[in-house]
Amino acid sequence: MSFQATRPNLLAAPAIAWLLAFMVAPCLLILGYAFFERGTWGGVVYTFTLENFERVFDPLYARIFLNSARIAATVTLLAILIAYPAAYAISRAPKSRQPLLLFFAVLPFWSNYLIRTYAWIVLLNREGLINNVLRWGGYEGEPLSMLYSEGAVITGLVYNYLPFVILAIYSSLSRLDMSLIEASRDLGAGPIRTFLRVTLPLTLPGVAAGGVFVFVLSIGNFVTPALLGGGRFQMIGNLVYDQFLTANDWPFGAALGMILIAIMIVLLTLQARATNRAAGTVREAER
Amino acid sequence: MMGFTRQNAGGRATLIVVFGFLYLPIAVLVGLSFNEAGLPTVWSGFSTKWYGALLGNANILGAAWNTLIVAIFATVISTVLGTLLAIGIETRRRASNGLEALVFAPMVIPDIVLAVALLSFFSRLDVTLGLHTIIISHVIFDLAFVCSIVRARLKHFDYSIVEASRDLGASPWTTFWRITFPVLMPAIVAGALLAFTLSIDEFIIAFFTSGAGRSSITLPMQIYSMIRFGITPEINALATIVMSVSAAALLLSQWLNKDQLR
């Protein structure tokens with residue numbers, strides 16, 4: 001019977017209205033656009049068509065899709081492989097030091113994305129730091145062209161999203177019941193076996209949460225392929241950008257955007273299921 | 001005992017490598033911004049001349065001003081809306097999956113999709129694009145982050161003190177300002193600071209909702225166009241300033257909200 005409890009809906013209303021008006025409505029609008037035809041000089045002609053979605057299977061676009069998915073999958077895998085040991089090390093550090101370590105692991109994530117990507121241009125370009133270091137080290141060949149390559153894009157994406165994966169895996173590890181690990185060791189399992197059979201399965205929800213996040217943001221990324229890929233190869237994000245700002249084919253761009261949203265929803269649903277199942281396993285184990 | 005120390009050393013080595021990976025690229029930028037020559041080819045001495053060059057660049061100053069206006073308005077609006085939303089959600093009797101999804105969506109939706117959706121939306125309604133449309137768009141994700149920080153605080157909130165205040169005859173309004181608000185204050189300020197940094201740094205959505213012309217260019221848009229032209233020492237200096245502002249806001253935010261971590 002307090003101020004808050006009597007009118008919770010009223011308090012939430014302005015924010016909900018804002019999200020409905022400026023997020024849900026625009027997304028529904030482009031969902032609609034995705035089923036219409038493009039006008040001769042751009043714009044949207046309100047004739048129903050499925051052509052925008054059919055075009056995705058055109059070999060030209062299908063290749064960009066598969067490429068984006070492959071790059072995003074590589075980035076996700078690398079990010080998890082680097083983040084897991086880091087999160088594990090933080091969770092094993094003295095309790096008093098953990099918040100600070102975690103804070104500095106996540107800090108770069110909240111700072112400017114463009115600048116963090118730009119930093120890699122400075123490192124990787126032909127006159128860049130890495131080539132200079134090699135030259136000082138006695139390397140006399142042609143400077144290496146590392147920038148504007150798939151490797152550069154993957155490095156940039158891993159770099160940018162790593163902090164979040166560390167955070168997600170850490171939060172799983174910190175909730176881990178240490179007595180289960182001790183039980184496994186007491187029952188004679190070695191450290192590796194204990195890790196593979198106990199620790200890893202119990203922290204999979206964190207891995208899944210971090211992984212889904214990195215995959216979704218990588219596959220729809222626009223800035224990193226544009227800057228570190230030099231525009232030489234495209235990902236879905238760049239394709240969406242082009243349809244809206246250069247090709248002036250909004251319906252096709254809208255269809256591509258909707259496919260990104262669909263991928264996101266499917267992955268988040270799978271992740272939520274995996275998390276629920278893992279929670280069920282823990283409850284069973286505790287019984 | 002041996003095993004324990006070895007594991008500790010392994011953990012330390014892992015952290016040194018990972019933190020090196022995270023911070024070396026940033027350290028290189030900061031270092032170069034003070035390099036007289038400005039380029040990584042040679043170190044010709046400490047200099048702040050690239051910072052001086054920024055001050056003489058009207059484009060950068062204009063963009064910085066626009067960014068500040070966008071960030072301040074977006075922060076104020078999203079802090080109010082996000083805080084009310086958090087209180088509203090946490091005091092509802094039943095949890096609603098639809099509402100949870102609505103509030104979670106701005107944090108995970110690919111920004112390019114939200115950007116083109118907003119561009120389509122504003123042009124369908126014939127809204128003139130400018131700083132106001134960037135502000136409207138930034139509030140979307142800013143309020144979601146403010147809400148999640150304030151909610152975390154509310155989860156540990158002892159509602160009996162609110163009831164006590166009401167029982168003692170305080171009005172709902174008085175109770176809010178004298179009890180709830182002071183308790184939530186650190187989380188609200190932490191949320192506001194996070195919203196502010198997110199807004200200062202956001203590029204893609206601002207790019208799509210700013211309209212044509214120089215008048216509503218923000219700092220990230222300015223940085224993007226400078227990067228596309230190539231590496232210049234000014235970018236290093238600008239990057240150092242922008243990152244310092246973000247880092248300061250985040251440190252402050254973390255410090256205010258530190259009870260939350262324990």
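In what follows, chains are A, B, ... by sequence order, proteins preceding strands, each numbered from 1.
- Interface summary for chain A: among B/I136, B/I26, B/V17, B/L24, the most heavy-atom pairs under 4.5 angstrom belong to B/I136.
- Comparing B/V139, B/L118, B/V18 by how many heavy-atom pairs each has under 4.5 Å with chain A, the most go to B/V139.
- There is no contact between B/D167 and chain A, counting heavy-atom distances below 4.5 Å.
- Your options are A/C27, A/A105, A/G253, and the one with the most heavy-atom pairs under 4.5 Å with chain B is A/A105.
- Looking at B/F141, there are no atoms closer than 4.5 Å to chain A (heavy atoms on both sides), in backbone or side chain.
- Contacts of B/L114 with chain A are made by side-chain atoms alone, with heavy-atom separations under 4.5 Å and no backbone atom involved.
- Looking at B/I200 and A/N112, their side chains never come closer than 4.5 Å, going by heavy atoms from C-beta outward.
- For A/I121, the parts lying under 4.5 angstrom from a heavy atom of chain B are both the backbone and the side chain.
- Aromatic ring centres of A/Y159 and B/F21: separated by under 6.0 Å.
- Nearest approach of A/S111 to B/D201, heavy atoms of both residues: C-OD2, 3.6 Å.
- Residue B/L125 does not touch chain A at all, counting heavy-atom pairs closer than 4.5 Å.
- At least one side-chain heavy atom of B/I235 sits less than 4.5 Å from a side-chain heavy atom of A/Y118.
- With a threshold of 4.5 angstrom between heavy atoms, B/L143 approaches chain A through side-chain atoms but not through N, CA, C or O.
- For B/T14, the part lying near chain A is the side chain, with the backbone staying farther off; criterion is any non-hydrogen pair under 4.5 Å.
- Within the model, atoms CE of B/M226 and CG of A/L114 stand 12.0 Å from one another, a figure rounded to the nearest 0.5 Å.
- Listed here is the closest heavy atom pair of B/L102 and A/M23: O-CE, 3.7 Å.
- The neighbour count for A/Y46 OH, taken as heavy atoms of other residues, nucleotides or ligands under 6.0 Å away, is above 12.
- Using a 4.5 Å cut-off between heavy atoms, B/L251 contacts chain A through both its backbone and its side chain.
- Residues B/R124 and A/Y33 are in side-chain contact: their nearest non-hydrogen atoms beyond the backbone lie under 4.5 Å apart.
- When every heavy atom of A/M264 is checked against every heavy atom of B/I109, the shortest pair comes out as SD-CA, 3.7 Å.
- B/Y224 contributes no side-chain N or O that, together with a main-chain N or O of A/V223, makes up a donor-acceptor pair within less than 3.5 Å.
- A donor-acceptor pair under 3.5 Å is absent between the side-chain atoms of A/W250 and the main chain of B/V116, judged by distance alone.
- Proximity to chain A (any heavy atom under 4.5 Å) is restricted, for B/V28, to the side chain, taken from C-beta onward.
- Only the side chain of B/I204 has a heavy atom closer than 4.5 Å to any heavy atom of chain A.
- Each of B/A239, B/S120, B/P110, B/S246 has some count of heavy-atom pairs under 4.5 Å with chain A, and the biggest count is that of B/S120.
- There is no contact between A/I236 and chain B, counting heavy-atom distances below 4.5 Å.
- Within the 4.5 Å cutoff, the side chain of B/L32 has heavy atoms near those of the A/V122 side chain.
- Nearest heavy-atom pair, B/I112 versus A/G220, reported as atom, atom and distance to 0.1 Å: CG2-O, 3.4 Å.
- Annotation: A/F103 is not in aromatic contact with B/W255 [ring centroid separation under 6.0 Å not met].
- Contacts between B/L198 and chain A at a heavy-atom distance below 4.5 Å involve the side chain alone, from C-beta outward.
- Within residues 238-247 of chain A, the residues having any heavy atom less than 4.5 Å from a heavy atom of chain B are, in residue-number order, A/V240, A/Y241, A/F244, A/L245.
- Two residues are said to be in side-chain contact when any heavy atoms from C-beta on lie closer than 4.5 Å; A/L11 and B/L85 fail this criterion.
- For chain B, the nearby part of A/L227 is the side chain; its heavy atoms alone come within less than 4.5 Å.
- Counting heavy-atom pairs closer than 4.5 Å to chain B, the top-ranked of the candidates A/L260, A/L107, A/V24, A/L217 is A/L107.
- For the atom pair B/C147 SG and A/L19 CG, the distance stands at 9.0 Å (nearest 0.5 Å).
- Using the six-membered ring where Trp is involved, B/F203 and A/F222 have ring planes that are parallel, under 30° apart on the 30 and 60° scheme.
- A/R97 contributes atom CZ, which lies 10.0 Å from atom CG of B/L15 (distance to the nearest 0.5 angstrom).
- Using a 4.5 Å cut-off between heavy atoms, A/W18 touches chain B through its side chain atoms alone.
- Both the backbone and the side chain of B/L22 come within contact range of chain A, with heavy atoms under 4.5 Å apart.
- No other option in B/V103, B/D111, B/N236, B/T197 has as many heavy-atom pairs under 4.5 Å with chain A as B/N236.
- Here the straight-line distance linking atom OG1 of A/T117 with atom CD1 of B/I223 works out to 11.5 Å at 0.5 Å rounding.
- The closest side-chain heavy-atom distance from A/W120 to B/P25 is below 4.5 Å.
- Considering only heavy atoms from C-beta on, A/I30 comes within 4.5 Å of B/V113 through its side chain.
- The parts of A/L101 that come within reach of chain B are both its backbone and its side chain, each placing non-hydrogen atoms under 4.5 angstrom from that chain.
- For the residue pair B/L99 and A/I16, the shortest heavy atom distance occurs at CD1-CD1, 3.4 Å.
- Heavy atoms closer than 4.5 Å to chain A are found in the side chain of B/S123, but not in its backbone.
- Separation of atoms CZ (A/F22) and CD1 (B/I140) is listed at 7.5 Å; rounding is to 0.5 Å.
- The minimum heavy-atom distance between B/R228 and A/A226, with the atom names listed, is NH2-O, 3.9 Å.
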